[in-house]
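Right, one structure below, let's go through it.
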Amino acid sequence: MRRSIPAALAAVLALALSACGGSSSASSAAGDSVTTLKVGTIGIGSDAAIKLAIDKGFFKEQGLDVKTSVVANPPAGIAAAQSGQLDLTYTPSIPLLNALSNNVPLTVVAAADGYSAEAMSSKDMTKVDDTGLLVQKDSTIKRPKDLEGKSVSVPARKAQLEVTVSKLIKDDGGDPSKVNWMVLDPSSALQSLNSGRVDAASLVAPFVSKAMSQGDRLLASPGVEFFKAGAVGLWVTGNSALQKERKAIEGFKAAIYKANAYANQHIDEAQQLSAQITNNPIDVIKGGAVNYWPDKVTTDDIQRVNDSMVELGYLKTPVKLPANLVL
Amino acid sequence: MDKLMNKRPVLWLLGIGTPALLLAAWWLASAGSTDTFFPPLADIVDRFRALWLFDHFGSDVLVSLRNLVLGYAIAALAAVAVGFVTALAAPVRWAVDPLIHFLRGIPPVALVPIFISLMGFGPEMRVASIALAAFFPTFIATVDGLRAVDRGLLDVAQVYRLSRRDRVVAVLLPAASPQIFSGLQVSLQTAFVVMIASEMLGPSRGIGAMTLLAQQSFMISDMWSGILLLGVIGFAANFLFDLVRRKVLAWYIGSRRLARAS
């Protein structure tokens, strides 16, 4: 028995050594041939652009091999990007600001999704905004202010939908702190709305169109009213990846913007991919909001959100955005 | 026996010293840490005091503990009762066995959304999830314990013409209790895990919900303090359980010691 301990130690050591060897050889291959970037996504419709960049060889043109993996939620992706397990990850601007306000150093690389300037004047917001606030068909709730004291479902607390719906309520003269927020996954939320267990549900595509096809009424489109035209979803990177792979990340930025432009011009093709990524029939995708992939992201896009979050009390003080926040 | 007595203080010292040493090592190693995800232990303890001892004790800690205690108590009583009926009545055993083994194969955490659609997201959903998950380990241990009761013991009970009630209370229950208690211990761990998981959905109240929220909004010291609290509660629950077990099973532990000594 005593002899087996050094043997086991040796085995562990050998494993550890080979693991080190493995990772160092992978990163040294970054020289002049192909650099591998690990990218976290959350499996939503707008991931069609990064999928296009892979399929159409836009990354290859930049000497990149992009490997995507789906993370549970944006905060988990940010944690992985910060620790170096991922080189880049998808996050909307609200979790990004939460992270920055707690001193998690991140750099915005490119826009992943958002709203176009034309969308602002659209007649049918469900064609533009992939988020929606829904109530039962004959609910007494007629406007956001009526949600005071009611229960409203959100996919996660203090995240995008809670913040955007709060803004709707506040702008309508109500007090969002009187809302009883419930964390529910989209299918439970839809079911709870229809059975009357929650008074309103904030949902994301394709559940917005599903709810409407079941007779629920759209009270508001919180996303577009909160963010206005500009980038919402972002590709971000942690400090270690940026220092190590700056050139590759700049290549990622160029390839993503090429893919964003391609996706905007080939909506049908992008929607087919969205259907594949989200595992929904193409009709459901076509029935919902049409994604928009911006061609740039500015500090203003993020500053606007920053100010609103302070106004609503989700941030105590505005986050001081570093000058080099956007790559 | 004497040898064992002499070793006692040393063992106690080890039991208390090791965690204390680990905590000291954590404190020293993390002091002055600037890594957001691994803050200094001093900060974590600070947040621990601010969050759990005053602010959220009534609104979150007690709520979680109440769910845990209720769910676990229901599970323990039901599991022992159903276990007895199942083990002693062959028709029931044949009817119930397949269903039980089907249900216990399902990870308890996966049942939470189903409970939500059945009973909403009030505390009763959380208690029911905990109770169902904690039921199976004790139930299975009870049935196994009863099946393993010495035939000789049952024969003696027969000879003395004990009533059914006496047979259950005075013969079967004590004989199966060591096994029942090991089932109860596993159930306690399961109940604990499901207590946390059940708070991931619905109103964000409870230790698990608070910890998850802290993690998702990058309040990393708060998250660590939540994890610390869960650890402390887990330790305390196990400690209490052990006290009860020692008390109830004193005869069994004593007889085992005698058997070993001879």
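We use all heavy atoms of the structure for the numbers below, so side chains are in, but hydrogens, waters and symmetry mates are not. All values derive from a computational prediction rather than experimental measurement. Each chain gets a letter, A, B and so on, in the order the sequences are listed, and its residues count up from 1.
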Worksheet item: Looking at side-chain heavy atoms only, is the closest gap between B:L213 and A:K158 below 4.5 Å?
Response: yes
Practice prompt. State, yes or no, whether a side-chain contact exists between B:F37 and A:V104 at a heavy-atom distance under 4.5 Å.
Written response: yes
Fill in: Residue among B:P203, B:G202, B:A209 with most heavy-atom pairs under 4.5 Å to chain A
B:G202
Worksheet, complete the sentence: Okay, A:A189 and chain B: the region with an atom under 4.5 Å from a heavy atom over there is neither
Discussion item. Tell me which of these, A:N180, A:D185, A:L184, has more heavy-atom pairs under 4.5 Å with chain B than the rest.
Written reply: A:L184
Practice prompt. Could you tell me whether the side chain of A:I78 reaches within less than 4.5 Å of the side chain of B:F218, counting heavy atoms only?
Written response: yes
Discussion item. What's the separation between atom CE in A:M182 and atom CZ in B:F121, rounded to the nearest 0.5 Å?
Written reply: 4.5 Å
Practice prompt. Apply the test side chain to side chain contact (heavy atoms under 4.5 Å, CB included) to residues A:V183 and B:M200: give CA-CA distance (whole Å), side-chain angles for both, the deciding distance (0.1 Å), then the verdict.
Written response: CA-CA 7 Å; A:V183 181; B:M200 292 165 99; over 6 Å; no
Fill in: chain B contacts, top residue of A:A99, A:S101, A:S188, A:A156 (heavy-atom pairs, under 4.5 Å)
A:A99
Discussion item. Taking atom CZ as the centre, does A:R157 end up with more than 12 heavy-atom neighbours from other residues, nucleotides or ligands that are less than 6.0 angstrom away?
Written reply: yes
Worksheet entry | Nearest atoms (heavy-atom pairs only) where A:P75 meets B:Q216 | CG-O, 3.3 Å
Worksheet item: In this structure, are over 12 heavy atoms from other groups packed under 6.0 Å from B:R256 atom CZ?
Response: no
Worksheet item: Which bit of B:I116 is near chain A, if near means a heavy-atom gap under 4.5 Å: side chain, backbone, both or neither?
Response: both
Worksheet item: To the nearest 0.5 Å, how far apart are CG in B:L212 and CG in A:N73?
Response: 8.0 Å
Discussion item. Determine whether a donor-acceptor pair (N or O, by modelled atom type, separation under 3.5 Å) exists between the side chain of A:N102 and the backbone of B:S217.
Written reply: yes
